[in-house]
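These numbers come from the heavy atoms of this one structure, side chains and all, not from hydrogens, waters or symmetry mates. Starting from 1, each residue takes its place in the sequence as its number. Only a predicted model underlies this, so the values are computations on that prediction, with no experimental measurement involved.
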Amino acid sequence: MKIKLFTLAFMLSFFVSHSQSNKDIANVYLKRAKEAIEISIDYETALTYFNKAMKFTDTIVDRKIAHLGSKIYYEVHHKQESLQEQLNYLETAQDYSKQYFLLAKNKGSEEYINNTEEYVLIRETIEEVTNEIKAETEEKLRKEKEIRRIDSLKATWSKKSESLSIKADSLYKFNKNGFAIIEDDNSFGLLNDLGETIINTGKYADVLQFDGFFIFKNKKDNPTKIFTYDSSTKVGTMLPAVSDFSTLSTNYGKVMLPRGNGRVVTYPNNAKEPLIYDVTAKKFVRVANQEEVLKGLKKADVIDKYNKDGEVKVNKEWYAFGGHLGGGIHPLYSLENYDLKYYLCSIDGNLIDASADFSNIGYFYQNKYQAIKNNKTLWINQNGTKVSDAKSEAASYNGDSKVRKLTSGAYQILRDNMIIKGDDKLPKMADFLRQNSGN
């Protein structure tokens with residue numbers, strides 16, 4: 001029994017001693033907190049000491065300590081970075097102030113009145129900060145809503161923009177009449193400067209253009225189908241089957257550049273004259289009065305002889321007369337096969353060797369012919385002399401459309417700061433967002 005009493009007494013003594021020790025430590029920190037305020041008006045340092053004191057304090061039973069805590073937390077609340085942190089400090093200050101009222105007995109004292117005024121100030125400040133937090137939250141929600149709205153507008157714009165894009169590997173320059181070649185997956189088509197597709201890709205493997213005319217071929221070499229397009233009249237024409245020109249021919253052979261007079265020249269296989277087609281008149285062009293032409297060539301001593309079969313003798317050799325390329329140049333073919341031998345220049349009787357000089361010659365226009373030598377284009381005059389290059393009559397574009405290539409590889413046509421494709425138009429994204437701002 002004595003042992004139990006001794007143990008109980010020891011434990012009570014220990015707890016009292018420990019409690020007294022904590023209280024002493026807390027008082028040291030509280031003293032330092034007060035000094036920090038009184039000497040340096042340093043509430044932040046005071047807060048550090050006050051919080052250390054509270055670690056050694058179970059319950060505040062001194063009204064002055066409660067008042068000190070309230071004042072310290074109020075004075076440092078505005079130095080917190082966020083409004084929520086400021087509110088937390090203010091609410092802590094309010095809690096300490098409430099603790100003061102629980103401990104204060106003399107409600108008529110100056111101390112009590114001062115604490116009441118401070119309590120009211122704390123409540124008012126809490127209301128102000130709470131309203132600021134509410135306004136900040138509402139503004140954040142408004143901005144988030146605006147961001148979602150703008151993101152939605154951007155998505156709408158992007159979808160529309162994609163629909164107005166032209167998917168192609170290449171889009172060439174517009175000509176004078178506002179037409180450009182498009183290339184996709186090694187096939188060619190035609191586009192106008194409104195972004196409208198005139199000829200779809202996927203059908204023609206090669207294209208030639210000059211003087212505002214386009215020639216689309218189903219094969220790069222020896223095509224069997226040819227489609228022409230006149231960009232000045234906006235009329236397209238499919239050339240008749242090559243067999244309509246020559247029953248033994250199976251392809252158009254070499255195709256020359258179109259010229260401004262609408263004449264297209266090709267060199268079909270198994271034929272003894274070039275195929276000349278007038279795109280405007282939509283008909284083959286042949287010498288209508290061949291005997292009169294041959295008679296004139298004989299009279300001018302350009303040929304030695306001719307016969308009713310359309311054969312001519314030049315320099316003691318007989319050739320098949322191959323018609324007329326305009327400007328006085330006449331192709332001459334072998335009698336034995338379909339080999340093109342020479343081009344006869346009626347202006348001076350000069351012979352152009354088809355194997356050594358120029359393999360193919362186009363139609364005469366603006367005092368020049370296109371001529372092919374070693375698969376390269378040259379330009380010659382009426383006696384086969386090389387001259388300066390011809391300039392396409394439709395080379396320069398002066399329209400309002402501009403081409404923009406996207407990072408995706410597709411193209412867009414811009415006009416008047418709008419993306420266009422036919423009748424569809426879309427402002428640039430910045431303008432679109434501004435127009436749909438709702439303000």
Side-chain angles (χ1 to χ4, degrees), residues 157-239 252 254-260 262 264 266 277 279-280 370 375 377 390-429:
W157 184 91
S158 296
K159 185 176 181 180
K160 180 67 173 178
S161 175
E162 183 178 2
S163 72
L164 300 183
S165 298
I166 300 154
K167 294 176 175 59
D169 295 332
S170 298
L171 196 162
Y172 295 79
K173 291 181 179 180
F174 290 117
N175 72 0
K176 176 183 177 181
N177 301 314
F179 291 84
I181 296 168
I182 53 174
E183 180 181 359
D184 190 46
D185 196 21
N186 297 317
S187 65
F188 297 85
L190 191 65
L191 189 82
N192 67 17
D193 61 356
L194 294 178
E196 297 172 315
T197 300
I198 307 303
I199 300 174
N200 289 314
T201 57
K203 189 174 181 180
Y204 297 106
D206 193 30
V207 60
L208 303 172
Q209 69 164 320
F210 206 77
D211 286 346
F213 288 87
F214 296 85
I215 297 178
F216 291 88
K217 304 183 290 178
N218 68 331
K219 294 193 295 183
K220 184 175 179 64
D221 298 318
N222 302 321
T224 57
K225 291 182 180 180
I226 290 179
F227 182 82
T228 67
Y229 190 83
D230 181 351
S231 66
S232 63
T233 62
K234 301 178 177 58
V235 175
T237 303
M238 179 68 74
L239 261 63
Y252 290 96
K254 181 67 177 178
V255 181
M256 307 301 289
L257 290 176
R259 301 306 307 275
V264 174
T266 84
Y277 192 79
V279 173
T280 304
Q370 179 201 11
N375 293 318
T377 286
K391 304 298 181 183
S392 173
E393 293 179 345
S396 299
Y397 176 71
N398 296 315
D400 298 324
S401 294
K402 294 179 175 58
V403 176
R404 174 172 66 184
K405 187 169 185 178
L406 307 178
T407 55
S408 65
Y411 294 85
Q412 287 181 336
I413 307 298
L414 303 178
R415 178 179 286 195
D416 299 327
N417 290 319
M418 304 276 281
I419 302 169
I420 64 170
K421 193 174 185 181
D423 293 330
D424 282 342
K425 296 180 180 180
L426 179 68
K428 292 181 179 179
M429 181 181 282

Quiz item: In this structure, are over 12 heavy atoms from other groups packed under 6.0 Å from Lys167 atom NZ?
Solution: yes
Practice problem: Ignoring hydrogens and angles, tell me if any N or O in the side chain of Trp157 forms a donor-acceptor pair with the backbone of Leu426 under 3.5 Å. | Solution: no
Self-check item: Spacing of Leu194 atom CG and Asp400 atom CG [to the nearest 0.5 Å]
Solution: 10.0 Å
Quiz item: So, does Lys421 use its side chain to make a donor-acceptor pair with the main chain of Ser165 at under 3.5 Å?
Solution: yes
Exercise. For side-chain contact (heavy atoms from CB on, under 4.5 Å), just list the numbers for Phe213 and Thr228, CA-CA rounded to whole Å, side-chain angles, deciding distance to a tenth of an Å, and then say yes or no.
Key: CA-CA 7 Å; Phe213 288 87; Thr228 67; 5.8 Å; no
Quiz item: Below 4.5 Å, heavy atoms only, C-beta onward: do Asp193 and Arg415 meet side chain to side chain?
Solution: yes
Quiz item: Does Ser161 use its side chain to pair, donor to acceptor, with the backbone of Ser158 at less than 3.5 Å?
Solution: no
Quiz item: So do Tyr252 and Asn218 actually touch side chain to side chain, heavy atoms under 4.5 Å?
Solution: no
Quiz item: Could you state the interatomic distance from CG (Leu208) to CZ (Phe216), rounded to the nearest 0.5 Å?
Solution: 9.5 Å
Practice problem: Taking the side chain as every heavy atom from C-beta outward, state whether Ile413 and Val403 have any pair of such atoms under 4.5 Å apart. | Solution: yes
Quiz item: With a 4.5 Å limit on heavy-atom distance, are the side chains of Leu191 and Tyr411 in contact?
Solution: no
Exercise. Check Ile226 against Lys217 and note the closest heavy-atom contact, atom names and distance.
Key: CG1-CG, 4.3 Å
Quiz item: Is any side-chain heavy atom of Val255 less than 4.5 Å from a side-chain heavy atom of Pro223?
Solution: yes
Exercise. Please examine the side chains of Phe214 and Ile199, heavy atoms only from C-beta on, and report whether any two atoms are closer than 4.5 Å.
Key: no
Practice problem: Apply side-chain contact (heavy atoms from CB on, under 4.5 Å) to the pair Lys160 and Ile419, showing each step before the final yes or no. | Solution: CA-CA 10 Å; Lys160 180 67 173 178; Ile419 302 169; over 6 Å; no
Practice problem: Answer yes if the side chains of Ser187 and Asp185 hold a donor-acceptor pair under 3.5 Å, and no otherwise. | Solution: no
Quiz item: Quick one: are Asn175 and Ser231 in side-chain contact, heavy atoms under 4.5 Å?
Solution: yes
Exercise. Looking only at non-hydrogen atoms, find the nearest pair between Phe227 and Tyr204 and report the distance.
Key: CB-OH, 3.3 Å
Exercise. Drop me the distance from Glu196's CD to Ile166's CD1, to the nearest 0.5 angstrom.
Key: 10.0 Å
Exercise. Please report the closest heavy-atom contact between Gly189 and Thr201, naming both atoms and the distance.
Key: N-CG2, 3.5 Å
Exercise. Under the side chain to side chain contact (heavy atoms under 4.5 Å, CB included) rule, collect the residues that match up with Lys254, sequence neighbours excluded.
Key: Met256, Tyr267, Asn360, Ile372
Self-check item: Gly178 backbone acceptor or donor facing Asn192 side chain under 3.5 Å
Solution: no
Quiz prompt | Leu414 CG to Ile420 CD1 distance, which is reported to the nearest 0.5 Å | solution = 8.0 Å
Quiz item: So, Gln370 side chain and Leu257 main chain: donor-acceptor pair closer than 3.5 Å or not?
Solution: yes
Quiz item: What do the steps show when you test Thr237 against Tyr277 for side-chain contact (heavy atoms from CB on, under 4.5 Å), and what is the final call?
Solution: CA-CA 11 Å; Thr237 303; Tyr277 192 79; 4.2 Å; yes
Practice problem: Measure the shortest side-chain to side-chain distance between Lys234 and Phe179 over non-hydrogen atoms and say whether it is less than 4.5 angstrom. | Solution: yes
Quiz item: So which heavy atom on Asn177 is nearest to which on Ser232, and how close?
Solution: ND2-N, 3.5 Å
Self-check item: Nearest heavy-atom neighbours spanning Asp211 and Glu393
Solution: OD1-N, 2.8 Å
Quiz item: Has Glu162 got more than 12 heavy atoms of other residues, nucleotides or ligands less than 6.0 Å from its CD?
Solution: no
Exercise. Dump the intermediate steps for side-chain contact (heavy atoms from CB on, under 4.5 Å) on Lys176 and Ser396, then the final yes or no.
Key: CA-CA 5 Å; Lys176 176 183 177 181; Ser396 299; 5.8 Å; no
Quiz item: Looking at Asp184 and Ala168, what are the two nearest heavy atoms and their distance?
Solution: OD1-CA, 3.7 Å
